[in-house]
Amino acid sequence: MKRTFLSLAALTLLLAARPAQAQEYVRPPADLDRLVQELFAEIQSDQVPYEDLYETLLLYYQTPLNLNTATREELRALLLLSETQITALLDHRAAQGNLISLYELQSVDGFDLRTIYRVSPFVAVQSNLGNAARGPLWQRIAQEDNNALFVRYERVLQDRQGYAAPDTTSTGKPASRYLGSPDKLLVRYRVSHQRDFSLGITAEKDAGEPLTWSPGTRRYGADFYSGHFVLQERGKLKTLALGDYQLQFGQGLLLSSGLQVGKGAETITTIRRSSLGVRPYSSVLESTFFRGAAATFNLTSTLRASAFVSRKRVDANVQTSADSLAEFDEFSSGLLITGFHRTATELANRQALRETIGGGNLTYTSRSSNFSAGLTAVDTHFDKPLQRQPELYNAFEFRGRHNLAIGVNYSYVIRNIILFGETARSSGGGIGTVNGLLASLATNVDVSVLYRNYARDFHTFYGNALSENTRNINEKGLYVGLKVRPVSRWEVSAYYDQFSFPWLKFQAGTPTEGHDWLVRVAFSPSKTSLLYAQIRTRVKEYDVAAPGRNLPLTAPTQRRSLLLFYDTSPTLILSLRTRLQGTHYREDDGPQRSGYVLAQDASVKIGRVLQLSGRYALFDTDDFDTRQYVFEQDVLYAFSVPALSGQGTRAYAIAEVKCSKHLTLWLRYAETHYRHQNTVGSGLEELQGPRRSEVKVQARYKF
């Protein structure tokens, strides 16, 4: 009661001062690690593009969304607001005019303190001054706060097999070795402003990749370069992107990139994709972007058109057919997306295929923004045909040089319910569709439902709609999510997902099915503390060895994970995090295997110039199937999710030093110590001894 009175008193004072200049609000720093752990249910692979996720979150932090100009679609993209809260904010803005401060969110229906704390690092309340009123473009770029250069270096300290002296195998052939040094380097420059411009250049060399200047093989020093220049809000020209960019239309069935969580601990807002159109790209993932030009125009106040063209070389294993009657003399068995070019074989596959993509989108949005509908077309052409290995599970995979996919999408808000969906057809006749709804049944009860059906011959190369598979093909499924806030500070989230795969898959010799469910109970003892417990079970069918049979049988495998997490800040300078997670894994009626990890984090601020963070963790797993993935804090713009398998300890420490208002340094050291092991890793990554140590250094200079 006392807190409510104080909040109302503060709000009254703010409203009394409304005619005055908008109040400056110092946004709190973004705790990306905590936010990611709130959104994701469980990390089950280090192949998920978390780099892209961090990039998107950091972009929101560095160029906060202006609540006075944000559209419904932009607010949805934050993933932190329910549809009821978005509608309430838009209604408040229409009735009261622009917000004068972030504090005013307390007077918007449905915005509790927890919601405000979560979104405050990523939003701002700014006046509606046009970009031109802030000076010429070059001046705005030069004076932008986030105008910064990053330089990063990292390396594994122990010698690994891949960097050993050349040797020969038992067949007399030379053994494969990395051609470059074990150093990993990154240089990045980036500056941007919401709804105005974005400029960025990135260069990266992975460990093992050589620094080579060889124009004949398209190698110019570092292995990967990325650059973009994006202009926004120039009259009818909404966006113009040159260089590298991303596309996000509809529900992502044909075009999807950026912040995608999928099935996670956030069971409501993350199942719907936001149609954000053309966006800048500055990540180091080498396979999830477009390269060329894209533009979006406002044809009328309700009709928007986008067009794009992309042309780049992608990695592929190109082969020559030995059969003179074969359909293709030269073909590729598939696209390679690791981005590594360390060995002679990986270099031979580098940029072996030319990919050309063109297309566009036409979207109608009603004046109230409650209804929108769009039409998207994507035409993809390869200079050499794709032809998968002649396995039965590849029978309906894409084959050939050309694929045209056309889709329609919609979104409709009715009171506290939003209906959304997208349906598309690819060249071979395959159809994919995803449809769902989000609803607020009461102020403290939200539900979500999503149905998906991706035909076995539906082909899309940049789609990423919600699915159990890593691609939108050969899958049917029904997802139901629930979020309840029974009393203040308590929240219960749950989902159940039933899915099936009508055709064969890799490691599944028959049509299979499965299910996945999660329950998380969260309690916030204070505004700086969070405690939750979570259980998740996933059952999928795979081929397992059958005694007395030459062919494996398909049988269910069950993975059940438990998680306890506590995050608290007992003082203004100290924060603590404790995590206990474990996994039970069983194939059919076989023995149950287990793995767990116990981790304690601590972070302390020493004055304004130094912050120290660290972790000590114990892990014990029966085998690789029960390995544990745990997010680790890293230097800014980087992430770390090691796979812990075996028995041992994992520890790291990070120091962040603000040397001046321009220069900030980060130093990170991490070490994994394995018990009962004389070697770590395998293949070219194998090292002698029980320890693996990593060091990382990063500098940021703000201009």
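- Between Leu667 and Tyr669, the closest side-chain pair of non-hydrogen atoms is not below 4.5 Å.
- With no hydrogens or angles considered, no side-chain donor-acceptor pair links Ser575 and Ser569 at under 3.5 Å.
- Under a 3.5 Å cut-off, the side chain of Gln246 and the backbone N or O of Pro280 do form a donor-acceptor pair.
- For the pair Gln698 (side chain) and Leu636 (backbone), a donor-acceptor distance under 3.5 Å is present.
- Between Glu204 and Arg152 there is no salt bridge, since no side-chain nitrogen of the basic residue lies less than 4.0 Å from a carboxylate oxygen of the acidic one.
- One distance of note links CD of Gln232 with NE2 of His193; it measures 10.0 Å at 0.5 Å rounding.
- Within the 3.5 Å criterion, the main-chain N or O of Val230 finds no donor-acceptor partner in the side chain of Tyr245.
- Counting heavy atoms from C-beta on, the side chains of Glu286 and Asp206 come closer than 4.5 Å.
- For the atom pair NE2 (His92) and CD (Glu104), the distance works out to 4.0 Å, reported to the nearest 0.5 Å.
- The shortest heavy-atom contact between Gly252 and Ser256 is CA-CB, 3.4 Å.
- Between Tyr281 and Phe289, the ring-plane angle classifies as parallel under the 30° and 60° cut-offs.
- The salt bridge (Lys or Arg N to Asp or Glu O under 4.0 Å) pairs that include a residue from residues 232-241 are Asp196-Arg234, Glu233-Lys238, where partners are two or more places apart or lie in different chains.
- Side-chain contact between Val284 and Thr202: present, with at least one pair of heavy atoms (C-beta onward) separated by less than 4.5 Å.
- Within a 6.0 Å radius of CZ in Arg608, other residues, nucleotides and ligands contribute 12 heavy atoms or fewer.
- One distance of note links CZ of Phe249 with CG of Leu276; it measures 9.5 Å at 0.5 Å rounding.
- Minimum heavy-atom separation, Ala70 to Leu90: O-CD2, 4.2 Å.
- Closest approach of Glu266 to Leu79, counting heavy atoms only: CG-O, 4.3 Å.
- Contact check on Arg650 versus Glu694 returns a salt bridge, with a Lys/Arg side-chain nitrogen under 4.0 Å from an Asp/Glu carboxylate oxygen.
- Counting heavy atoms from C-beta on, the side chains of Asn409 and Gln251 never come closer than 4.5 Å.
- In this structure, CG in Leu78 is found 8.0 Å from CZ in Phe122, a value given to the nearest 0.5 Å.
- Ring-centre distance between Tyr637 and Phe150: below the 6.0 Å cut-off.
- Remark: Ile337 CD1 is loosely packed, at most 12 non-hydrogen atoms of other residues, nucleotides or ligands lying under 6.0 Å away.
- The closest side-chain donor-acceptor pair between Ser603 and Ser613 falls under 3.5 angstrom.
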- Task: Carefully, step by step, assess Glu144 and Arg140 under the rule side-chain contact (heavy atoms from CB on, under 4.5 Å).
- Result: CA-CA 6 Å; Glu144 185 60 44; Arg140 302 200 297 271; 5.8 Å; no
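- Put simply, OG1 on Thr69 and CD on Glu74 are 7.0 Å apart, with the number rounded to the nearest 0.5 Å.
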- Task: Using the side chain to side chain donor-acceptor pair (under 3.5 Å) rule, take Arg190 and Ser198 through it: C-alpha gap first, then chi angles, then the decisive distance, then the call.
- Result: CA-CA 8 Å; Arg190 180 77 188 270; Ser198 179; 3.1 Å; yes
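- Judged purely by atom type and a 3.5 angstrom limit, Ser120 uses its side chain to pair as donor or acceptor with the backbone of Tyr117.
- Side-chain contact check for Thr365 versus Thr71: every heavy-atom pair is 4.5 Å or farther apart.
- When each of Arg342, Arg350, Lys184, Lys205 is tested with Asp223 by the rule salt bridge (charged side-chain N to carboxylate O under 4.0 Å, His left out), just one qualifies, namely Arg350.
- A tilted orientation is assigned to the rings of Phe290 and Phe308, their planes being inclined by 30° to 60°.
- Looking at heavy atoms from C-beta onward, Trp666 lies out of side-chain contact with Asp634 at the 4.5 angstrom threshold.
- Lys312 meets the salt bridge (charged side-chain N to carboxylate O under 4.0 Å, His left out) test with no other residue; sequence neighbours excluded.
- The closest side-chain donor-acceptor pair between Arg272 and Ser411 falls under 3.5 angstrom.
- With hydrogens and angles ignored, the 3.5 Å screen pairs a side-chain donor or acceptor of Asn68 with a backbone N or O of Gln126.
- Residues Thr239 and Thr296 have side chains that never bring a donor and an acceptor to within less than 3.5 angstrom of each other.
- The main-chain N or O of Ser275 is found under 3.5 Å from a side-chain atom of Glu73 such that the two form a donor-acceptor pair.
- Across Gln633, Glu632, Lys696, a single residue satisfies side-chain hydrogen bond (donor to acceptor under 3.5 Å, both in side chains) together with Ser640, and that is Glu632.
- Of the possible donor and acceptor atoms, one in the side chain of Arg93 sits under 3.5 Å from a partner among the backbone N and O of Leu67.
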- Message: Applying side-chain contact (heavy atoms from CB on, under 4.5 Å) to Gln85 and Leu75, what does each step give before you reach the verdict?
- Response: CA-CA 10 Å; Gln85 290 170 327; Leu75 292 168; over 6 Å; no
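- Using a 3.5 Å distance cut-off with no hydrogens or angles, the side chains of Thr363 and Asn361 do pair a donor with an acceptor.
- Scored by the ring pair (Phe, Tyr, Trp, His ring centres under 6.0 Å) test, Phe703 finds Tyr701 as partners (sequence neighbours excluded).
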- List the steps and the verdict of side-chain contact (heavy atoms from CB on, under 4.5 Å) for Phe197 and Val191. CA-CA 8 Å; Phe197 64 85; Val191 58; 3.9 Å; yes
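- Rounded to the nearest 0.5 Å, atoms CG (Asp183) and CD (Glu154) are 10.0 Å apart.
- For the 3.5 Å distance criterion, the side chains of Glu671 and Ser693 qualify, holding a donor opposite an acceptor.
- Under the 4.5 Å side-chain criterion, counting only non-hydrogen atoms from C-beta, Ile268 is not in contact with Ser82.
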- Query: Do Leu438 and Thr269 pass the side-chain contact (heavy atoms from CB on, under 4.5 Å) test, and can you show the C-alpha distance, the side-chain angles, and the key distance before you say yes or no?
  - Reply: CA-CA 8 Å; Leu438 309 180; Thr269 60; 5.5 Å; no
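- Remark: the backbone N or O of Ser301 is not paired with any side-chain donor or acceptor of Asn298 at under 3.5 angstrom.
- Between Leu254 and Leu247 the shortest side-chain heavy-atom distance does not fall below 4.5 Å.
- Judged purely by atom type and a 3.5 angstrom limit, Tyr220 has no side-chain atom pairing as donor or acceptor with the backbone of Tyr225.
- A 6.0 Å sphere centred on CG of Asp109 holds no more than 12 heavy atoms belonging to other residues, nucleotides or ligands.
- Under the 3.5 Å distance criterion, the side-chain polar atoms of Asp244 are left unmatched by any main-chain donor or acceptor of Arg291.
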